[in-house]
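Hydrogens, waters and symmetry mates play no part in the numbers below; they use all other heavy atoms, side chains included. Remember, it's a predicted structure, so these values are computed and weren't measured experimentally. Note on naming: letters A, B, ... go to the chains in the order of the sequence lines (proteins, then strands), and numbering restarts at 1 for each one.
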Amino acid sequence: MPEGPEIETIRRDIEPLLVSQVISKIWVNPVFFKTKAQITAFKKLEGKTIHSLGRHGKLLWIDTAYDQSVLIRLGMTGRLHVQEKKQILEKHTHIRIEFENQKELRFIDPRRFGSFILSTHNNKNSEIARLGPDPFSWKESDFKNIIGRIQKSNRSIKNILLDQSIIAGVGNIYASEALFVAKIFPEQKGCELSTKKLTQLLMASQKVMNTALQHRGTSFMSYVDGWGERGDNFSHLFVFAKTNQPCINCQTLISKITQSGRSTFYCKRCQQSLVNRTRNGTSDMI
DNA sequence: CCCCTATCCTGAGGGC
DNA sequence: TGCCCTCAGGATAGGG
């Protein structure tokens with residue numbers, strides 16, 4: 001469900017409710033876990049105090065004292081809420097982390113594509129190391145490395161944006177949005193794009209994600225924040241889920257295509273391909 | 001290696 | 001009302 005801005009919204013919502021809380025009991029739904037060892041591992045958390053919450057890309061983690069961290073991926077439909085223990089349980093509640101103050105953190109995930117993993121700090125760091133720079137925290141010195149990797153790739157730029165090992169936190173909504181802002185054709189290959197154009201794309205990614213964070217995320221289908229409220233960013237999108245609606249720049253109707261099984265939305269006039277542009281067969285970088 | 005496809009799941013919505 | 005189909009903010013093993 002969530003991309004970087006949505007995960008960060010949730011992290012900010014729940015962190016003040018969790019820091020310094022003592023975990024009194026862990027409850028898990030066995031259906032959610034593949035092995036019994038994973039379930040029993042969570043018992044180690046009982047009695048531990050929560051130290052802080054962190055995030056990189058779409059990966060969220062809870063650090064406790066000692067060497068235990070919980071790594072959380074929300075997948076397509078995962079949600080996190082801090083509620084009173086006595087509050088009625090929603091269907092598909094898979095994890096409850098109860099605290100001494102009579103509240104509990106609940107993880108709800110109908111499709112079960114999310115994950116909830118107890119790990120050491122070392123293991124957490126190696127998971128973070130698999131991810132590329134995050135637009136909320138990257139430095140300009142990261143750009144050269146990111147752009148170099150993109151220009152080595154034969155894949156479409158849309159698919160590259162979804163690759164978490166290159167840029168962390170961009171998902172299907174903000175990939176389309178960033179390409180629109182940077183005026184890049186989604187099927188253009190990474191190796192066909194100039195450094196100048198890719199710099200614009202990185203800036204555009206940062207811009208659309210910052211806007212989304214300011215509006216507490218995009219509620220397209222099921223996403224809600226840590227309080228169970230929908231985010232306001234849907235009305236600030238340019239192209240995502242706007243098939244056959246006029247482009248804000250040129251009024252051309254927005255197109256929808258499928259790339260690697262996932263929908264991409266773009267303006268075929270504002271985001272023209274290299275092939276369409278150079279009819280003589282020469283391949284100037286755009 | 002690199003890249004694409006199928007797959008893991010439930011639920012909402014449309015057509016008939 | 002129900003049945004069947006498609007689609008959905010993600011990640012990844014495995015095959016070509």
Side-chain angles (χ1 to χ4, degrees), chain A residues 1-11 29-35 38 55-60 71-80 90-94 107-117 127-128 130-132 134-136 149-179 186-192 205 208-209 211-213 215-226 229-243 256-265:
Chain A
M1 104 208 214
E3 308 179 29
E6 290 75 30
I7 306 285
E8 179 60 16
T9 301
I10 293 168
R11 193 194 68 78
N29 176 2
V31 166
F32 182 74
F33 289 94
K34 297 195 172 58
T35 67
Q38 290 177 298
R55 181 200 60 83
H56 188 99
K58 303 173 196 170
L59 181 66
L60 179 68
L71 303 185
I72 303 169
R73 290 188 181 90
L74 296 182
M76 294 282 252
T77 54
R79 290 155 46 197
L80 289 170
E90 273 187 67
K91 196 175 178 183
H92 305 298
T93 300
H94 302 309
F107 171 67
I108 303 145
D109 185 8
R111 290 179 76 178
R112 289 187 247 147
F113 289 174
S115 62
F116 221 90
I117 301 163
E127 286 295 315
I128 296 168
R130 294 170 55 200
L131 302 170
D134 182 310
F136 290 129
R149 291 186 64 186
I150 294 174
Q151 288 174 331
K152 283 188 188 69
S153 177
N154 251 323
R155 303 154 75 191
S156 72
I157 187 62
K158 159 70 180 331
N159 283 354
I160 294 169
L161 281 176
L162 292 181
D163 185 337
Q164 300 300 296
S165 72
I166 296 175
I167 300 173
V170 177
N172 210 36
I173 293 178
Y174 304 117
S176 282
E177 293 297 300
L179 289 166
E187 293 189 294
Q188 204 77 58
K189 291 170 185 248
C191 59
E192 295 169 337
S205 308
V208 298
M209 291 173 79
T211 300
L213 180 59
H215 295 106
R216 305 185 55 76
T218 302
S219 286
F220 167 54
M221 297 193 70
S222 62
Y223 162 76
V224 289
D225 64 22
E229 305 282 333
R230 292 169 68 82
D232 297 325
N233 197 61
F234 190 83
S235 59
H236 296 268
L237 300 179
F238 301 113
V239 290
F240 184 83
K242 294 194 185 292
T243 314
K256 176 182 177 176
I257 56 174
T258 300
Q259 294 180 272
S260 292
R262 308 198 69 193
S263 295
T264 305
F265 303 86

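- At least one donor-acceptor pair closer than 3.5 Å links the side chain of A:Gln164 to the backbone N or O of A:Leu162.
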Report task. Assign a letter to each nucleotide of nucleotides 6-12 of chain B from its 5' end: B, base within under 4.0 Å of a protein heavy atom; S, sugar-phosphate only; -, no contact. Result -> --BBBS-
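- Between A:Asn159 atom CG and C:dG10 atom C1' the separation is 13 Å, expressed in whole Å.
- Nearest to the side-chain atoms of A:Asn172 among the listed nucleotides B:dC3, C:dG10, C:dA8 stands C:dG10.
- With A:Asp232 contributing its side chain and A:Arg216 its backbone, the two residues share no donor-acceptor pair below 3.5 Å.
- Backbone-only contact: A:Ser263 has heavy atoms under 4.0 Å from sugar-phosphate atoms and none from a base.
- Spacing between atom NZ of A:Lys58 and atom P of C:dG10 amounts to 4 Å, rounded to whole angstrom units.
- Residue A:Arg130 places at least one side-chain N or O closer than 4.0 Å to OP1 or OP2 of C:dT12.
- In this entry the distance linking CD of A:Glu127 with P of C:dA11 reads 12 Å, nearest Å.
- Using a 4.0 Å heavy-atom criterion, one finds that A:Phe240 contacts the sugar-phosphate atoms exclusively.
- For B:dC1, the OP1/OP2 oxygens have no side-chain nitrogen or oxygen of A:Lys152 closer than 4.0 Å.
- The distance from atom CE of A:Met76 to atom P of C:dT6 is 17 Å, rounded to the nearest whole Å.
- Within the shown strands, C:dC7 is the pairing partner of B:dG11 under the Watson-Crick or G-U definition, both distances less than 3.5 Å.
- Comparing the same atom, P, in C:dC3 and in B:dC9 gives a spacing of 23 Å after rounding to whole Å.
- Side-chain contact annotation: A:Asn159 with A:Lys189, donor-acceptor N/O pair under 3.5 Å absent.
- Between the CD1 atom of A:Ile166 and the C1' atom of B:dC2 there is a distance of 11 Å, given to the nearest Å.
- Cation-pi check for A:Lys242 over A:Phe234 is met; the charged atom lies under 6.0 angstrom from the ring centroid and within 45 degrees of its normal.
- Put simply, the side chain of A:Gln259 gets close to the backbone of A:Pro186: a donor and an acceptor are under 3.5 Å apart.
- Remark: side-chain polar atoms of A:Gln38 are not paired, donor with acceptor, to backbone N or O of A:Ile117 under 3.5 angstrom.
- Side-chain proximity of A:Asn154 to the nucleotides C:dA11, B:dC3, C:dT12 is greatest for B:dC3.
- Here C:dT12 presents its C1' atom at 15 Å from CG of A:Leu59, a figure rounded to the nearest Å.
- Contact annotation for A:Lys34: no contact, since no heavy-atom pair falls under 4.0 Å across all strands.
- Here the side chain of A:Ser165 pairs no donor or acceptor atom with the backbone of A:Arg130 at under 3.5 angstrom.
- Side-chain N/O atoms of A:Glu90 and A:Thr93 include no donor and acceptor closer than 3.5 Å.
- Summarising the geometry, the separation between CZ on A:Phe116 and P on C:dA11 is reported as 16 Å, rounded to the nearest angstrom.
- Rounded to whole angstrom, the span from the CD1 atom of A:Ile173 across to the C1' atom of C:dC7 amounts to 14 Å.
- The C1' atoms of C:dA11 and B:dA12 are separated by 23 Å, rounded to the nearest whole Å.
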